[in-house]
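Encoded as structure tokens, the structure appears first; notes follow it.
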Amino acid sequence: MRLRTRTAVAVGTALFTVPALLPAIAAAVPERGERPSGGGLSATIRYTEYGVPHILAKDHANLGFGTGWAQAADQVCVLARGFVTVRGERSRHFGPDGDPGGDLSSAATNLSSDLYFRGVRQAGTVEKLLRQPAPRGPSRTLKELTRGYAAGYNAWLRQHRVTDPACAKADWVRPVSALDAARLAYAVSVLGGQGRFSDGITGARPPAAADTRRAPDPRRAAQAARRLLAAGADGADMGSNAVAFSGRTTASGRGLLLGNPHYPWQGSRRFWQSQQTIPGSLNVSGAALLGTPVINVGFTRHVAWSHTVSTGVPFTLHELTLDPADPTAYLVDGERERMTRRTVTVPVRGGAPVTRTQWWTRYGPVVTSLGSQLALPWTTRTAYALNDPNAAQLRTADVDLRFATARSTRDVLRALRERQGLPWVNTVAADRHGHTLYTQSQVLPRVTAGLAARCSTPLGRQTYPASGVAVLDGARRACALGTDKDALQPGIFGPSRMPTLTDAPYAENSNDSPWLANADRPLTGYERIFGTVGTERSLRTRGAVEDVSTMARGGGLTVADLQRQQFANRVPAGHLAAADAARACAALPAGSAPGSDGRPVDVREACGVIERWDRTMDTGSRGALLFDRFWRAFTAKVPGAQRWKVPFSAADPVRTPHTLNTGAPGFATALADAVAELRAAGIPLDARLGDHQFLVRGGERLPVHGGPNTLGVWNMIEATWQPQAGGYTEVRHGSSHIQAVGWDASPCPRARTLLTYSQSSDPGSPHHADQTRLFSAERWVTSRFCEKDIREAPGLRVVRVRER
């Protein structure tokens, strides 16, 4: 194994037999202590199956060192690109017009990405946040961990030759500072706000005197905002499912947790597995986003947790009334305030540097669009400023650190209340005592119903009820967000306002609002900015609630039941619509339907294929691919309100709407288009899904199960459609780090995990595709948490890593 050889040579470490080595490790690591030794940072890394490192250190600085080292060993090229991004140097190395990949912002080009991140860097934003005292600012422990992480990354670079072809010999792979690591954390924190709308920030330009741009139409803007922020929106590249079961439903009387984040399979938002241990102080296993020195989703001896992307809107807009004589000045209670200019210069490969000006206000940056569909023109009379409270906090990793020492779901909730740092996610947790937790405890602008009623502009009176996007009157001080007494920073909700459900038989979320975390105990009474109440749920939520409520009622649940739920691959859209579609197909005159081009298509074969389909997205399912292509075409052609004959009812939210409206204009055409598309690609209508949904790793073709959000599949997989290459040929995002965790009388948690895309991005690594093969075969990894299990791992490899 190449990593083993390089590491042994680089640090001069002899690899002994495991029984002889472990006592020496234990003796070398004191139970407590925070100061790194004078001889430099070090850690012990024990690698078990599938390249999972168990990092052992004497304090947080050394733990960070081991984590930075081990992440670099697996993901140096991805990490290096992330650091290039937050430094604002993509244009220098990759050219200004290149695609930044969407990892750390939604910028369309490298230049736009650099303008945003260089602006952050030039303003000293992260440095100011680091100087804030805890608890509003990051803790000393987190700073030590981050310092160690950067040192570990740098030490690996000094002691190794990069062989991954993605960045071998690249001049942009270079040492980093703790500040670089903090900037990466900041970028993740603002993904739902400034990062999501960075193009609208960097592209904002004051209007000329003769400018004819007009303010947005409120009704159209509301529709665009609703599409932008819809739960599980098709364009979203992050989502998740998570469910916790209480001891009342389990065989052991203890809790169970199934976490299933849906994240990108490439780039900086990949997860990476590890166990982090400081004897006597911390012991946690799970996954971290790359560049993160803490476990983001995971478990301990006592508690397990996961996150789901929430419906909370983590930003507000403030409509500015401009000075008629100067569009870069605005009025607040009649007093004139000038915008702050940020002039940012970006070095460009092969060309002259590019300089642009950004405009900032008391509320935040001027923004001229929210994505591509919602324009916010800067006119001679009006401009819009974006308020993102997560741009004023770096507490996220401190929440994770508190989770890592939690002994119960109560401790998890206490950590959320005391640190208040999660930017855009819900938390679902279970513990060995049988308790459950769901909470939408996140950093949100303090927009109440009263404030929205008093201060919404005409635009905001349409966008806020439709989507939760508040547009407040920036010309009145009385329209400031205000502060709850229990909030750590001004302008956000305090923890007492967060939708929270404790000790329910099950608590589940699939990226809808808190309302139906448990369908028998609906959550209500929260502000609109958190999400909706009494509105239609996504197909994924409906299918999930059906599944987990049935499991809870049946009782006697074990970790094996969680594993079966994860890979059941049931298609809620199929259960609701396939029979109706097959009957309507069979009733078409002469078995023919018009395609989008007007030509008739013989669909008779399709009727039987859909009828016989087993309503799953297993690799062996015949008809799954046909229904998938039909359903995508149908939902694209037929508006949501016209898809079903029985409409949504808040009194029956899990079972409605239902009964496919096969008479809707577009039904027959969608069916014809799907049939014609597959035939043109040479794909049989009854083809096995796994023959045409696959990926290739090391020349090996791996079938992929699971399906898209539009079908409501729990095991969500969003893949790249290339019919000329055989179908879905690569996974963009979907199931990522999966964990099924429970407890019994043993002190060790019973956990099964799977990192779908494997630990390493390097195609030369033995851990580039090993867990991907497991995923393809619906197999799991037995987590090794306790010492005896780590010691017994076949092929255990122990490496002592040092700073020098």
Side-chain angles (χ1 to χ4, degrees), residues 226-227 229-244 258-264 306-312 424-426 428 438 440 506-519 522 531-532 535-552 562 564-578 615-618 621 624 627-628 631-632 634-636 640 643-644 648 652-658 660 689 693 704-719 731-736 738 756:
R226 185 188 295 113
R227 290 192 297 270
L229 298 171
D234 295 342
D237 64 355
M238 290 195 302
S240 300
N241 307 302
V243 61
L258 175 59
N260 173 219
H262 303 151
Y263 275 53
S306 194
H307 298 299
T308 61
V309 176
S310 78
T311 55
W424 32 261
V425 293
N426 306 289
V428 179
Y438 161 82
Q440 188 179 341
Y506 72 86
E508 193 279 338
N509 186 263
S510 293
N511 307 128
D512 263 311
S513 74
W515 180 41
L516 295 187
N518 184 291
T532 58
T535 59
E536 185 176 339
R537 303 291 92 175
S538 72
L539 284 172
R540 184 154 50 87
T541 291
R542 292 172 63 185
V545 172
E546 286 178 333
D547 291 348
V548 303
S549 61
T550 299
M551 293 168 68
L562 304 185
R564 281 189 286 272
Q565 166 62 18
Q566 176 59 43
F567 293 144
N569 290 320
R570 185 172 80 87
V571 181
H575 282 273
L576 285 168
R615 278 53 163 174
T616 76
M617 294 293 281
D618 286 329
S621 295
F627 188 83
D628 168 58
W631 192 251
R632 290 174 190 260
F634 178 73
T635 54
R643 292 172 192 165
W644 306 100
F648 169 75
D652 192 9
V654 177
R655 293 186 296 180
T656 60
H658 63 74
L660 188 67
L689 176 66
Q693 182 168 276
V704 174
H705 49 90
N709 182 65
T710 50
L711 291 176
V713 183
W714 176 287
N715 179 33
M716 196 187 86
I717 289 294
E718 297 287 355
V731 178
R732 299 192 307 274
H733 62 275
S735 292
S736 54
I738 310 167
T756 57

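- Using modelled atom types, one finds no donor on one side chain facing an acceptor on the other under 3.5 Å when comparing Thr710 with Thr635.
- Not a single donor-acceptor pair under 3.5 Å links the side chain of Glu508 to the backbone N or O of Ser549.
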Practice item. Output, in order, the C-alpha distance, side-chain angles, deciding distance and verdict of side-chain contact (heavy atoms from CB on, under 4.5 Å) for Arg537 and Ser510. Key: CA-CA 10 Å; Arg537 303 291 92 175; Ser510 293; over 6 Å; no
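- Ile738 is listed as a side-chain neighbour of Thr756, based on a closest heavy-atom distance under 4.5 Å.
- Considering only heavy atoms from C-beta on, Val704 comes within 4.5 Å of Ile717 through its side chain.
- Inspection of the Trp714 and Gln565 side chains reveals no N or O donor paired with an N or O acceptor under 3.5 Å.
- Residues satisfying the ring-ring contact (aromatic ring centres under 6.0 Å, His included) test with Phe627, not counting sequence neighbours, are Trp613, Phe630, Trp631.
- No side-chain donor-acceptor contact under 3.5 Å links His262 and Asn709.
- Formation of a donor-acceptor pair under 3.5 Å by the Glu718 side chain with backbone atoms of His733 is not found in this model.
- In terms of the ring-ring contact (aromatic ring centres under 6.0 Å, His included) criterion, Phe648 has no residue partners (sequence neighbours excluded).
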Point to revise | Candidate pair Trp515 and Thr532, rule side-chain contact (heavy atoms from CB on, under 4.5 Å), full reasoning | key: CA-CA 7 Å; Trp515 180 41; Thr532 58; over 6 Å; no
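- One side chain, Ser735 or Asn715, offers a donor N or O that lies under 3.5 Å from an acceptor on the other.
- Counting heavy atoms from C-beta on, the side chains of Pro708 and Met716 never come closer than 4.5 Å.
- Side-chain atoms of Arg542 come within 3.5 Å of backbone atoms of Pro657 as a donor-acceptor pair (strictly under, hydrogens ignored).
- A heavy-atom distance below 4.5 Å is found between the side chains of Leu711 and Asp628.
- Between Arg570 and Glu546 there is a salt bridge, since a side-chain N of the basic residue sits under 4.0 Å from a carboxylate O of the acidic one.
- In this structure, a donor-acceptor pair under 3.5 Å is absent between the side chains of Asn511 and Thr308.
- Taking all atoms of both residues into account, the shortest heavy-atom contact from Asp652 to Thr656 is O-OG1, 2.6 Å.
- Side-chain contact between Tyr506 and Val545 is present, with at least one heavy-atom pair separated by less than 4.5 Å.
- Considering only residues two or more places apart in sequence or on other chains, His705 meets the ring-ring contact (aromatic ring centres under 6.0 Å, His included) condition with Phe567, Phe775.
- For the residue pair Asp512/Ser538, the side-chain donor-acceptor check at 3.5 Å is satisfied.
- Looking at Leu258 and Asn241, their side chains never come closer than 4.5 Å, going by heavy atoms from C-beta outward.
- Counting only heavy atoms from C-beta outward, the side chains of Met238 and Ser736 never approach each other to under 4.5 Å.
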